[in-house]
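Here the structure is laid out as structure tokens; the discussion comes afterwards.
Sequence lines set the chain letters: A, B, ... in the order given, protein chains first and strands last, and positions in each chain run from 1.
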Protein chains: 2
Amino acid sequence: MSSIQDVATLANVSAATASRALSRPDMVAQTTRERVLNAAQQLGYQPNMLARSLRQRETRTIGVIVTDILNPFHAMLAKGVQDAADRHGYTAFLFNTDEDAGKERRALDTLRGHLPQGLIVVPTPHTHENLKLVPNLPIVELDRVTGNTGVTTVTVDNIGGARAATAHLIGLGHTRIGMIVGKLDITTAVERHAGFRQMLEESGQTYFPELVLPGQHREKDGREAALRLLSLPPAVRPTALFVGNNEMTVGAVLAARELGLKIPEELSIVGFDDSRWAQTMTPPLTVVAQPAYDLGVLACDHLVTQLGHMQSGRARASPARVQLPTELILRQSTAPPACVPTA
Amino acid sequence: MSSIQDVATLANVSAATASRALSRPDMVAQTTRERVLNAAQQLGYQPNMLARSLRQRETRTIGVIVTDILNPFHAMLAKGVQDAADRHGYTAFLFNTDEDAGKERRALDTLRGHLPQGLIVVPTPHTHENLKLVPNLPIVELDRVTGNTGVTTVTVDNIGGARAATAHLIGLGHTRIGMIVGKLDITTAVERHAGFRQMLEESGQTYFPELVLPGQHREKDGREAALRLLSLPPAVRPTALFVGNNEMTVGAVLAARELGLKIPEELSIVGFDDSRWAQTMTPPLTVVAQPAYDLGVLACDHLVTQLGHMQSGRARASPARVQLPTELILRQSTAPPACVPTA
DNA sequence: TACTTCAATGTAATCGTTTGCAACCACCGC
DNA sequence: GCGGTGGTTGCAAACGATTACATTGAAGTA
């Protein structure tokens, strides 16, 4: 690896001039600049980011923390962030926490040593506490929020999405609608539940608390919750399920299959978050789709503009609350309940 | 952010002593060590990796380049690598190239500036050329190989996997077996094709070149190839398909559905690489499963031991050729061909 | 007592880059 | 001819850590 000194020597100038030729072209004479550029080219010179960042006290690096890189939704978020960061000339370092407080802490510690200029995080209930490890770091919360005021958040309209899903089921004539909701210490779960309940009540339907079960977001949890709900006596069994995230939806579908319930004839299902699987399972699943890639891109865009503001000494940009719409995609997993004739 | 100088001042020692107290405990007196440790604790001191790495000329960082982070197989590889790196005290920086030469080049350039000590890469046909950007960097090739001698490779037994899948189909009585193979400039595709052909010929079956179509690894390609194969006249149409990767398998299944072909009664399908989708589609898919997580872990382990060897001045470890077995998982997408009675 | 030894600490150089400051030179206008 | 101006350049000091080497002082030995 050749250093700028090597380039300078080859071009017969001082290191300072070589540096300027590369990063402040207008400060050096045309001919010297060309000599330096040639030398750099010839040596395949690539600046040492460590040294540069150390001196400039700016790494052009941001951290990204997601909770489950194996979840396609999160993978898509990460991709959006990374693509956007790349466009802005930043490098995004990606960490995965499996929703684990310890891993999150370790990720933050590692990150801190590398002096990122900002952080995009899908928060967990521990994040609020853990973020003390990186004081004064500009943060953007993605997908979920911690309730921290003062940070920018980029989320989807979970309430709207849940309302749309619920309205759809009500419209089909369902009156006993169950919901499998996520952990209630996670904002998306809370909001989706709120939207569900709102829409039921606004439509004059009864909200049955016993038809709402929480899960830990995993396939297994979705399956267990669904098994419990669907094993209720026929008179009280829900005829439709609204499931709060993609993993649990898989579990719910599997549970229905185990019990021999035909979808959608005997059970309607709406999932939250679209996926390859939802599109190609039989029957294709009706879902509330989220613009995951755009969420990632927006989070990064906002973080970068915020960094720009800070750097140029302007007042800290007021924290944004970005919310993207969801889209209810009707497929074949929903139908009128068995006992009600098609309207 | 407090520096080691701050810690030193607070502890009433020189920066040198503070540094030693933290990283060479046995070189400093018990009592001073405690003073330093306290000071560090109190200030929440975290060493600046940039400065440290610059001085030590060692970043304890490795690069990871995969070609499609949205593909669960690659996400799993990445996770394996990152978990292992973490265990070894290394930080893994993940990049995604979408199989694109330009993106790969940019990723390598970015990476180079951060001076990684090694690189784990899922190579594309351009990788051989692009790797010139990072001369003298220890490399581990993951999943695929470039044919570079001198680098460690961690792959699965593609030939064995393909042979097992093919043998299974032959055993069921299929005589016209088609294959949708990947791009033939990618080693996994070549090997899976080779295994397929080998097994056919060893079993005394005919290898029909016209039943083997290439694709670009995407769902769309799988669908198109399958549509062509399955639209052949009944007399020559394949009764079974072996598909070379997970994405294309989805396409093949969709194609069969479009044509109204029942799986497995009218068409048997075996995919390469297991997935959530393969497990839960109807019917569940027979697949050649790959130990993706372990591949990632092993790649990282080998890279790290190699780094250890280099550092301790020992001879460069001879490049390993690690190959993990695949496992044929029988589910319900394969059955004897319609015209042949169950043996 | 004087000399050696060794543990504990400090001094200063170093990694590769950027950048404030000063030096230099050529040219211009008076 | 001289001072001023401004465009180019180099010198040297940072950035924050590690580490070779020098220094100190106390203990051990003859």
Its 5'-most and 3'-most nucleotides having an atom under 4.0 Å from a non-hydrogen atom of chain A, DNA chain C is contacted over C:dG16 to C:dG20
Stepwise side chain to side chain contact (heavy atoms under 4.5 Å, CB included) test for A:N12 and A:T9: CA-CA 5 Å; A:N12 249 306; A:T9 314; over 6 Å; no
Can you give the donor-acceptor pairs under 3.5 Å from side chains of residues 87-94 of chain B to other protein atoms, not counting sequence neighbours?
| residue | atom | partner | partner atom | Å |
| --- | --- | --- | --- | --- |
| B:H88 | NE2 | B:D301 | OD1 | 2.7 |

Under 3.5 Å side-chain donor-acceptor pair for B:H114 and B:T61: no
If you walk 5' to 3' along DNA chain D, what is the first nucleotide with an atom under 4.0 Å of a heavy atom in chain A, and what is the last? D:dT8 to D:dG16
So which of residues 30-55 of chain A are in contact with DNA chain D, with a heavy-atom cut-off of under 4.0 Å? A:T32, A:L54, A:R55
Is B:D68 salt-bridged to B:R218, going by a charged N under 4.0 Å from an acidic O? yes
Kindly indicate whether the side chain of A:D6, heavy atoms from C-beta on, has any atom under 4.5 Å from the side chain of A:I4. no
Out of B:T153, B:T146, B:T152, which one pairs with B:E141 under the side chain to side chain donor-acceptor pair (under 3.5 Å) rule? B:T146
Quick test of your reading: applying side chain to side chain donor-acceptor pair (under 3.5 Å), list the pairs with at least one residue in residues 39-51 of chain A, sequence neighbours left out, ordered by first then second residue. A:Q46-B:R112
Counterpart residues, side-chain hydrogen bond (donor to acceptor under 3.5 Å, both in side chains), relative to B:S23 (two or more places apart): none
For residues 121-133 of chain A, the salt bridge (Lys or Arg N to Asp or Glu O under 4.0 Å) pairs (sequence neighbours left out) are A:E129-A:K132
Hey, can you pull the residues of residues 5-19 of chain B with a non-hydrogen atom under 4.0 angstrom from DNA chain D? B:A16, B:S19
Output yes when a side-chain donor or acceptor of B:R144 lies under 3.5 Å from a complementary backbone atom of B:P123, and no otherwise. yes
Tested for side chain to side chain contact (heavy atoms under 4.5 Å, CB included) against A:V66, the lone hit among A:V122, A:L142, A:D143 is A:V122
Salt bridge (Lys or Arg N to Asp or Glu O under 4.0 Å) contacts touching residues 21-41 of chain B (sequence neighbours left out): none
Roughly how bent is the helix from C:dT1-D:dA30 to C:dC30-D:dG1 end to end, in steps of 10 degrees, with each end axis from five pairs? 60°
By salt bridge (charged side-chain N to carboxylate O under 4.0 Å, His left out), B:E58 pairs with (sequence neighbours left out) B:R60
Determine which pairs satisfy side chain to side chain donor-acceptor pair (under 3.5 Å) with at least one residue from residues 100-110 of chain B, sequence neighbours left out, and list them in order. A:D86-B:R106, B:D98-B:K103, B:E104-B:T124, B:E104-B:T127, B:E104-B:N130
Test side chain to side chain contact (heavy atoms under 4.5 Å, CB included) on A:L298 and A:L324; report intermediate values, then the result. CA-CA 10 Å; A:L298 273 175; A:L324 264 50; 3.3 Å; yes
